[in-house]
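Residue numbering restarts at 1 for every chain, and letters A, B, ... go by the order of the sequence lines. Everything numeric here is computed off the predicted structure, so don't read it as measured data.
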Amino acid sequence: MSVLVRQKQELVSALYTAIEAAMASGKLEVESVPEIGLEVPREKQHGDFASNIALIMARAARKAPREVAEIIVDHLPKGGVIRAVEVAGPGFINFFLSNDWLHDTLRAIEEQGEAYGNCQHGAGEKVLLEFVSANPVGPMNVVNARAAAVGDTLARLLRAAGYEVGTEFYVNDAGNQADVFARSLEARYQQLTNADYPFPEDGYPGAYVAELAQVLKEERPDLLDLPFDERIAFCKRWGTDKMVEMQQADLRAYGVEFDLWFRERDLHAQGALEAVIEFLREKGLMFEEDGALWFRSTQFGDDKDRVIVKSDGSYTYVTADIAYHYDKLKRGFTKLINIWGPDHHGYIGRMKAAIQALGYSEDTLEVLILQYVALLRDGQQVKMSKRAGEFITMQDLVEEVGKDAARFFFLHRSPESHLDFDLDLAVEQSNENPVFYVQYAHARISSVLRQAKEQGIAVPTCSQVDLSLLEHETELDLLKQLAALPEELLAAALLREPHRITRYALDLAGLFHSFYGYCHILGEEAPLRDARLVLVSNIRVVLRKVLGLLGVDAPEQM
RNA sequence: GCGCCUGUAGCUCAGGGGAUAGAGCAUCGGACUUCUAAUCCGAGUGUCGCAGGUUCGAUUCCUGCCAGGCGCGCCA
């Protein structure tokens with residue numbers, strides 16, 4: 001249990017005791033005592049912790065909130081860690097504590113290292129996180145980059161919260177788009193020797209297809225000897241494999257590794273689509289109409305029923321996706337989280353219906369919808385047109401602004417917000433760029449520790465120093481921020497809000513820079529110097545940890 | 001028409017049933033012979049889109065409306 005939670009519980013039980021004592025003495029009369037909430041106030045002057053219990057109880061007690069608060073405070077046990085209690089505002093009870101409880105935070109960090117803040121909340125739950133899943137027919141875009149950052153960090157957060165997590169990229173290499181891509185590639189191949197060879201009407205115009213055709217020509221100069229159908233089949237397999245390799249390289253450069261790249265074509269090869277259709281048919285959830293086979297998804301709340309086998313005998317996208325999700329479930333995952341782009345929200349209903357049809361509860365599947373990303377340059381939105389080839393890819397973005405800035409910017413905003421990504425700001429090597437601000441805090445501490453070492457000063461452990469010497473306001477603020485990590489990390493994981501960690505990192509860095517402006521370390525007398533060395537080296541551990549969660553480097557010097 | 005997201009300071013965005021609604025940027029003024037000035041210290045800024053409702057208390061929850069973005073295929 002975290003230091004902060006333990007301290008809260010201690011105060012809550014003190015409040016319970018006080019309320020019971022007040023009731024026993026007849027000062028307070030209520031049917032039952034509500035659950036007591038305690039929070040860290042936004043304003044420092046409102047104490048270390050505050051409770052609104054008197055406001056909540058006022059009506060039942062038939063007294064003014066402030067009066068209730070006064071009665072509770074009168075019955076609170078005095079002394080111990082509670083330095084002062086006050087009734088404030090409309091009836092808040094504010095607690096001011098002695099600083100001792102904060103020191104346990106440093107001991108916890110020292111003991112646990114970068115595992116500090118982790119917990120076992122999710123123990124026993126197996127979560128599958130599927131994200132990006134961009135079609136292997138073209139370069140990834142900036143929404144894919146956003147999804148990669150959010151998904152990867154969410155996976156790291158869930159693991160830190162004790163969940164067993166698998167990450168997957170679903171490769172849609174068997175559908176319509178893969179066919180179109182194969183025909184585009186084949187046509188470009190033909191055009192290498194016959195400039196007049198027609199390009200498919202709906203083909204992919206990007207230059208990358210022609211470049212791939214060149215590579216293909218070198219690898220398979222004899223391709224045209226094959227019959228057309230076999231040639232297309234080869235192009236489909238070879239081409240999508242190449243695109244997957246490129247996606248893997250882009251994502252690796254971005255710090256994202258998937259546990260599994262799941263091929264749609266494997267589902268087809270295994271007969272998984274037929275199997276899941278049969279399963280649903282036996283449950284009476286399939287019907288034929290207009291020459292097609294339909295899934296009665298409306299039975300599970302979907303807007304309309306969905307075609308599973310088209311009238312031409314081929315499958316729709318959703319058919320393979322149902323088979324894929326069935327596969328996930330059969331592998332023992334108890335929670336499926338999918339991260340999709342904004343154009344897919346209409347797809348949620350049918351997939352939730354499918355999950356229920358397969359015999360699982362609706363909330364087994366959780367879908368996070370990301371919103372669009374607008375790129376800004378010179379304050380203007382960058383217009384993109386796939387057709388005209390004016391298109392900023394994920395690769396372009398990462399090359400232009402770097403992995404750290406790209407990830408940090410995407411993780412700076414809540415996932416469901418529309419995002420303006422300022423390209424000029426992201427590349428700026430200056431104080432305006434928030435990612436540097438956090439990294440700089442880490443580098444500064446590293447520099448101090450480096451110089452301490454050069455001077456022959458070892459970083460002591462908590463037990464070797466007097467932590468009560470840490471009493472400057474900025475030092476206490478830092479200790480409180482460090483104490484807040486466990487709760488913040490769990491909240492970020494449970495609410496699926498990685499941007500909380502970005503904010504935490506910025507706040508921690510800000511408090512450190514402020515401390516650094518007021519307090520010296522190496523120049524101080526040994527006892528204070530040593531206490532501060534303990535403080536900053538533990539701050540560095542936490543900075544490294546949160547940057548690690550964000551997938552951003554923690555440089556030793558800048 | 002239906003559904004989803006968004007609307008908070010000049011800009012980009014946090015926050016969230018409770019106390020005086022916050023941060024960064026931009027603007028202005030200070031701080032380097034001392035551990036990295038990519039930093040710090042100080043200063044101004046609000047119809048929380050609009051209107052109702054619930055509540056002791058709403059910017060937060062509910063309903064309606066307005067505005068912007070997106071989606072509603074036998075495409076993926």
Side-chain angles (χ1 to χ4, degrees), chain A residues 39 41-43 45-46 50 52 55-56 58-59 64-65 88-92 94 133-135 137 172 174-178 180 202 264 289-294 303-304 306-321 341-349 369-372 374 376 379 409 412-422 425 428-441 443-452 454-455 474 499-500 502-503 506-507 509-510 512-524 529 532-533 536 557-558:
Chain A
E39 61 166 0
R42 277 202 304 267
E43 301 277 338
Q45 63 204 22
H46 296 143
N52 64 350
L55 289 151
I56 291 168
R59 180 193 277 273
F92 288 99
N94 295 341
S133 297
N135 282 329
V137 298
N172 181 218
N176 224 352
Q177 293 193 12
V180 172
D202 56 350
E264 181 188 350
E289 195 174 292
D290 301 333
L293 187 65
W294 299 67
D303 302 349
K304 51 181 91 164
R306 304 294 169 178
V307 170
I308 292 294
V309 183
K310 301 184 219 169
S311 49
D312 68 358
S314 63
Y315 299 110
T316 60
Y317 179 81
V318 74
T319 313
D321 216 15
D343 50 336
H344 279 68
H345 87 260
Y347 196 75
I348 297 174
I369 296 292
L370 297 178
Q371 293 301 321
Y372 274 106
L376 302 181
F409 273 53
H412 197 183
R413 304 297 180 217
S414 86
E416 73 268 22
S417 295
H418 300 259
L419 175 73
D420 283 340
F421 193 113
D422 188 332
L425 178 59
E428 201 155 337
Q429 308 263 320
S430 81
N431 55 353
E432 292 173 36
N433 193 334
V435 66
F436 290 111
Y437 187 80
V438 179
Q439 290 180 316
Y440 184 50
R444 265 185 154 175
I445 297 173
S446 299
S447 174
V448 171
L449 297 181
R450 218 162 30 237
Q451 289 181 50
E454 282 164 14
Q455 294 171 30
T474 58
H499 69 287
R500 283 169 175 268
T502 316
R503 195 147 288 277
L506 281 165
D507 288 345
F512 168 75
H513 286 308
S514 181
F515 156 78
Y516 192 89
Y518 282 112
C519 302
H520 276 232
I521 301 164
L522 297 179
E524 300 289 348
R529 178 198 69 197
R532 286 183 173 162
L533 280 171
V536 299
Q557 48 192 321
M558 290 171 72

> Rounded to the nearest angstrom, tell me the gap between atom CZ in A:Arg503 and atom P in B:A23.
11 Å
> Which nucleotide, B:C35, B:A14, B:G69, lies nearest any side-chain atom of A:Gln371?
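Nearest to the side-chain atoms of A:Gln371, counting from C-beta on, is B:G69.
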> CD of A:Gln557 to OG of A:Ser447: how many Å apart, nearest 0.5 Å?
8.0 Å
> Expressed in angstrom and rounded to an integer, what is the separation of A:Ile56 atom CD1 from B:A19 atom P?
14 Å
> Describe the nucleic acid contact of A:His345 in one word from base, sugar-phosphate, nothing, applying a heavy-atom distance below 4.0 Å.
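Base contact.
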> Do any side-chain nitrogens or oxygens of A:Lys304 fall under 4.0 Å of OP1 or OP2 in B:C2?
no
> Mind checking whether A:Tyr516 and A:Phe512 have parallel, tilted or perpendicular rings, split at 30° and 60°?
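A:Tyr516 vs A:Phe512 ring planes: tilted.
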> On RNA chain B, check which nucleotide each of A:Asn135 and A:Arg450 is closest to and give me the residue with the more 5' one.
A:Arg450
> Under 4.0 angstrom, heavy atoms only, what part of the nucleic acid is A:Asp290 near: base, sugar-phosphate, or nothing?
base
> Is it true that, when you exclude A:Arg42 itself, more than 12 heavy atoms of the residues, nucleotides or ligands shown sit nearer than 6.0 Å to its CZ?
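Open.
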> Contact class for A:Gln45 (heavy atom, under 4.0 Å): base, sugar-phosphate, or nothing?
base
> Among B:C41, B:C5, B:A38, which is the nearest nucleotide to the side chain of A:Met558?
B:A38
> At under 4.0 Å between heavy atoms, what does A:Ser311 touch on the DNA or RNA strands: base, sugar-phosphate, or nothing?
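Answer is base: heavy atoms of A:Ser311 come under 4.0 Å of a base.
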> Does any nucleotide pair with B:C65 by Watson-Crick or G-U wobble geometry, both distances under 3.5 Å, and what is it?
B:G49
> Would you check if A:Phe92 stacks with the base of B:A19, given a 5.5 Å centroid limit and a 30° plane limit, both strict?
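By the stated criterion, A:Phe92 and B:A19 stack.
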> NA contact type, A:Ser414, heavy-atom cut-off 4.0 Å: base, sugar-phosphate, or nothing?
sugar-phosphate
> In whole Å, I'd like the distance from the NE2 atom of A:His513 to the P atom of B:C40.
6 Å
> When only distance counts, do a donor and an acceptor, one from the side chain of A:Asn94 and one from the base of B:A19, lie under 3.5 Å apart?
yes
> Starting from P on B:G68, measure out to CG on A:Asp420 and report it in whole angstrom.
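Answer to the nearest Å: 17 Å.
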